[in-house]
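The figures that follow rest on heavy atoms only: side chains count, while hydrogens, waters and symmetry mates do not.
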Amino acid sequence: MTPTQTISAKPKAIGFVRDDVSGPDTPRHASDVQRHANMLGYQYIYTVRPPGDIDDPIGYVLAMAAGLEIEVIVVFDLEHVGCRPALICDAGFDLETVCPQGIWMRSRSGVERGAA
């Protein structure tokens with residue numbers, strides 16, 4: 001490793017905001033999600049806002065998270081994951097909510113993400 005290279009000990013996170021759930025509050029929810037992740041010390045990578053014509057927005061964000069080697073998915077509230085945090089945790093990611101503040105830990109360790 002060269003002196004200019006650094007290793008980030010911060011877990012990588014993405015935000016997940018669904019327009020169909022947030023409606024007119026989407027911009028505020030996206031901002032709140034990013035602020036929350038930064039406040040918790042995560043390395044915030046991106047806010048995922050699936051296109052409206054996606055049949056499975058949760059599957060969409062899980063595929064992105066796996067491809068980006070994310071550890072944490074941050075949402076405004078549980079409605080963004082269909083009130084089923086296990087969908088995220090069983091896929092090997094931690095889930096953080098802004099409102100109310102909460103964390104659900106991944107269900108399995110050593111999950112091979114992105115494996116088909």
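For the pair Thr47/Val17, a side-chain contact is recorded, criterion being any heavy-atom separation below 4.5 Å from C-beta on. The shortest side-chain heavy-atom distance between Leu78 and Pro85 falls under the 4.5 Å cut-off. Counting heavy atoms from C-beta on, the side chains of His80 and Ser22 come closer than 4.5 Å. Inter-residue side-chain proximity for Phe93 and Leu62 is flagged as met; some heavy-atom pair is nearer than 4.5 Å. The shortest distance between side-chain heavy atoms of Ile14 and Leu68 falls below 4.5 Å. The side-chain heavy atoms of Met64 and Phe16, taken from C-beta on, include no pair separated by under 4.5 Å. Within the 4.5 Å cutoff, the side chain of Leu40 has heavy atoms near those of the Glu96 side chain.
Using the six-membered ring where Trp is involved, His29 and Phe76 have ring planes that are parallel, under 30° apart on the 30 and 60° scheme.
The same ILVMFWY cluster, assembled from side-chain heavy atoms under 4.5 Å apart, contains both Leu87 and Val48. Hydrophobic clustering, with ILVMFWY side chains joined whenever heavy atoms are under 4.5 angstrom apart, groups Val98 together with Ile103. No continuous path of ILVMFWY side-chain contacts below 4.5 Å connects Met39 to Val75, so the two sit in separate hydrophobic clusters.
Here the shortest heavy-atom pairing between Ile58 and Gly82 reads CD1-N, 4.1 Å. Of all non-hydrogen atoms in Ile70 and Ala13, the two that sit nearest each other are CG2-CA, 3.9 Å.
Legend: salt bridge (Lys or Arg N to Asp or Glu O under 4.0 Å) pairs involving residues 32-52, not counting sequence neighbours, sorted by first then second residue: Asp19-Arg49, Arg28-Asp32, Asp32-Arg35. Contacts classified as salt bridge (Lys or Arg N to Asp or Glu O under 4.0 Å) and involving residues 73-83 (residues at least two apart or in different chains) are not found.
Although no hydrogens or angles enter the test, the distance criterion places a donor-acceptor pair under 3.5 Å between the side chain of Asp94 and the main chain of Arg106. At least one donor-acceptor pair under 3.5 Å links the side chain of Thr97 to the backbone N or O of Gly102. Between the side chain of Tyr44 and the main chain of Val33, no donor-acceptor pair closer than 3.5 Å is present.
Annotation for Asp56: atom CG counts as buried by contact number, over 12 foreign heavy atoms lying within 6.0 Å.
Under the rule for a side-chain contact (heavy atoms from CB on, under 4.5 Å), the partners of Pro51 that lie at least two apart in sequence or sit in another chain are Asp53, Ile54, Tyr60.
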Does the side-chain contact (heavy atoms from CB on, under 4.5 Å) test come out yes or no for Leu95 and Val72, once each step is laid out?
CA-CA 6 Å; Leu95 176 68; Val72 182; over 6 Å; no
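Judged purely by distance below 3.5 Å, without hydrogens or angles, the side chains of Glu71 and Tyr42 never pair a donor atom with an acceptor atom.
Interatomic distance, CD1 of Ile45 versus CD of Gln43, reported as 4.0 Å (0.5 Å rounding).
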